[in-house]
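For reference, the structure is listed below as structure tokens.
A note on names: the letters A, B, ... follow the listed sequences, proteins ahead of strands, and every chain is numbered from 1.
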Amino acid sequence: MPELPEVEVVRRGADTWFANRRIRSVQVLHSRATRRHLHGPHDFSARLINARIVGTERRGKYFWFRLDTGEALVTHLGMSGQLRVASPASPGTNHLRVRIGFDDDRDDLMFIDQRTFGGMFVDDFVEVPYPSAKRDPGRASRNAGFEVPAALSHIAADPFDPLFDQSATVRRIRAKQSPIKAVILDQSVVSGIGNIYADESLWRTQLDWQRSAATVSRSKVIELIDNAREVMSEALAAGGTSFDSLYVNVNGSSGYFSRSLAVYGREGQPCERCGGPISREHFANRSSFRCPRCQRRAPATV
DNA sequence: ATGATAGCCTGCCTGC
DNA sequence: TGCAGGCAGGCTATCA
């Protein structure tokens, strides 16, 4: 559910509240929440207890706590996951899946997830290489690589990542025949973009989501990536997009970017660029919103 | 290899 | 009022 800006809001909150603290206790209240931890909930807890959180990092919609054990506590919010701070004395809440306590007796970390598409797992780091275009011969140490949890090695850099290689990403996008929207939602091509920001970026670029990626010009793809970066930074500045209480930051408050959306969820309402009605179409068992006037569909070739 | 689809879950909203 | 059906911001596995 949450896309890059929402995950980044949560990561920042998590960093503020949990960095430099040592884990004392771990409760797994629903085993599905740790299903991606291959050795089970007991091993999950054992690897965390006594570990100190060094800091937090993010790639796309995943973020993780770097531990002083050399491992990562990886978190994905899925569609409905939340990270909340809670007093150690407070009772659990509905949909509480994992609760972590610290040796300073200050606030607990609660992972809450109604639909259990999200989860947490502990993982080793692997090094991902710097893209060749970003190599800096004068600073060999910087070129050594960047570490990500092993299970995330297939996740591409997101448009804010220092490792993001824009020209390589443009080439990869244009090599695909699929609808342009499916390609920018593919986290192994470019990460962080979900259904909302895909539609918003396509609207800003005046592209029909159905267009085969291979038919979009190189400059238009560059514009699309720039627009995705732009809309996501605006959303981040607004504290994220939220339609309901399912997405909140660690304090439980929600962002207000939903009022700035141009197409997403605005079926029938006027396009702010041309005044025509926004349409809603089915795409991969979900919805796609576009302005049929500004985002023209090429006539079907028969 | 790439691309499309089904499945995982729960809660809420709509329409009958 | 009750209930079935549709829908939700994502990812992964599996099939063609």
Side-chain angles (χ1 to χ4, degrees), chain A residues 1-10 29-38 58-63 74-83 93-97 111-121 123 149-156 158 171-202 209-214 228 231-232 235-236 238-249 254-261 263-267 280-289:
Chain A
M1 153 193 136
E3 307 181 32
L4 186 153
E6 294 75 37
V7 175
E8 177 62 11
V9 169
V10 172
L29 296 110
H30 193 311
S31 62
R32 221 182 111 72
T34 55
R35 68 196 179 284
R36 292 185 70 182
H37 188 89
L38 300 180
R58 184 188 53 73
R59 172 167 270 214
K61 303 173 199 171
Y62 287 89
F63 74 96
V74 183
T75 305
H76 194 285
L77 302 175
M79 301 271 264
S80 56
Q82 304 176 2
L83 219 63
T93 70
N94 207 15
H95 307 129
L96 175 62
R97 309 305 188 196
F111 178 72
I112 299 162
D113 190 9
Q114 176 194 108
R115 293 171 66 188
T116 65
F117 282 18
M120 300 180 116
F121 57 97
D123 200 7
L152 310 189
S153 52
H154 68 294
I155 302 291
D158 62 61
R171 282 195 298 276
R172 290 197 64 195
I173 291 173
R174 298 190 67 232
K176 305 244 179 206
Q177 315 293 314
S178 302
I180 183 71
K181 177 168 175 177
V183 176
I184 62 171
L185 287 175
D186 183 340
Q187 304 296 301
S188 68
V189 174
V190 51
S191 69
I193 303 171
N195 204 33
I196 295 177
Y197 300 116
D199 281 1
E200 294 297 311
S201 311
L202 289 161
W209 61 268
Q210 281 192 358
R211 272 274 292 280
S212 165
V231 69
M232 289 194 291
L236 178 57
T241 297
S242 179
F243 302 114
D244 52 41
S245 60
L246 278 187
Y247 160 69
V248 292
N249 69 16
S254 50
Y256 50 89
F257 191 70
S258 57
R259 70 181 68 163
S260 306
L261 297 173
V263 282
Y264 191 85
R266 297 192 65 239
E267 181 181 17
R280 170 184 180 160
E281 295 159 316
H282 285 283
F283 157 74
N285 287 322
R286 57 220 313 210
S287 296
S288 265
F289 298 88

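Using a 4.0 Å cut-off between a side-chain N of Lys or Arg and a carboxylate O of Asp or Glu, A:K181 and A:D199 qualify as a salt bridge. A salt bridge is defined here as a Lys NZ or Arg NE, NH1 or NH2 lying under 4.0 Å from an Asp or Glu carboxylate O, and A:R36 with A:D123 fails to meet this definition.
For C:dA8, the base has no donor-acceptor partner in the side chain of A:R286 [N/O atoms by modelled type, under 3.5 angstrom].
Put simply, the side chain of A:I173 reaches to within 4.5 Å of the side chain of A:I180, judged on heavy atoms.
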Going through the checks in order, is the side chain to side chain contact (heavy atoms under 4.5 Å, CB included) test met by A:L77 and A:E6? CA-CA 10 Å; A:L77 302 175; A:E6 294 75 37; over 6 Å; no
Run A:R58 and A:D158 through salt bridge (Lys or Arg N to Asp or Glu O under 4.0 Å) and show every step you take. CA-CA 9 Å; A:R58 184 188 53 73; A:D158 62 61; 3.0 Å; yes
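Nearer the 5' end of DNA chain B, as judged by each residue's closest nucleotide, is the contact made by A:K176, out of A:N285 and A:K176.
Across all strands shown, A:R35 has no heavy atoms under 4.0 Å from either base or sugar-phosphate atoms.
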What would the secondary structure line of DNA chain B be in dot-bracket form, counting Watson-Crick and G-U wobble pairs under 3.5 Å, with [ ] for pairs that cross earlier ones and | for pairs with another strand? .|||||||.|||||||
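The phosphate of C:dT12 has neither OP1 nor OP2 within less than 4.0 Å of any side-chain N or O from A:H76.
For the pair A:R59 and A:Y62, the NZ or CZ position fails the cation-pi test of under 6.0 Å to the six-membered ring centre and within 45 degrees of the ring normal.
Remark: the separation of the C1' atoms in C:dC11 and B:dC12 is 23 Å, to the nearest Å.
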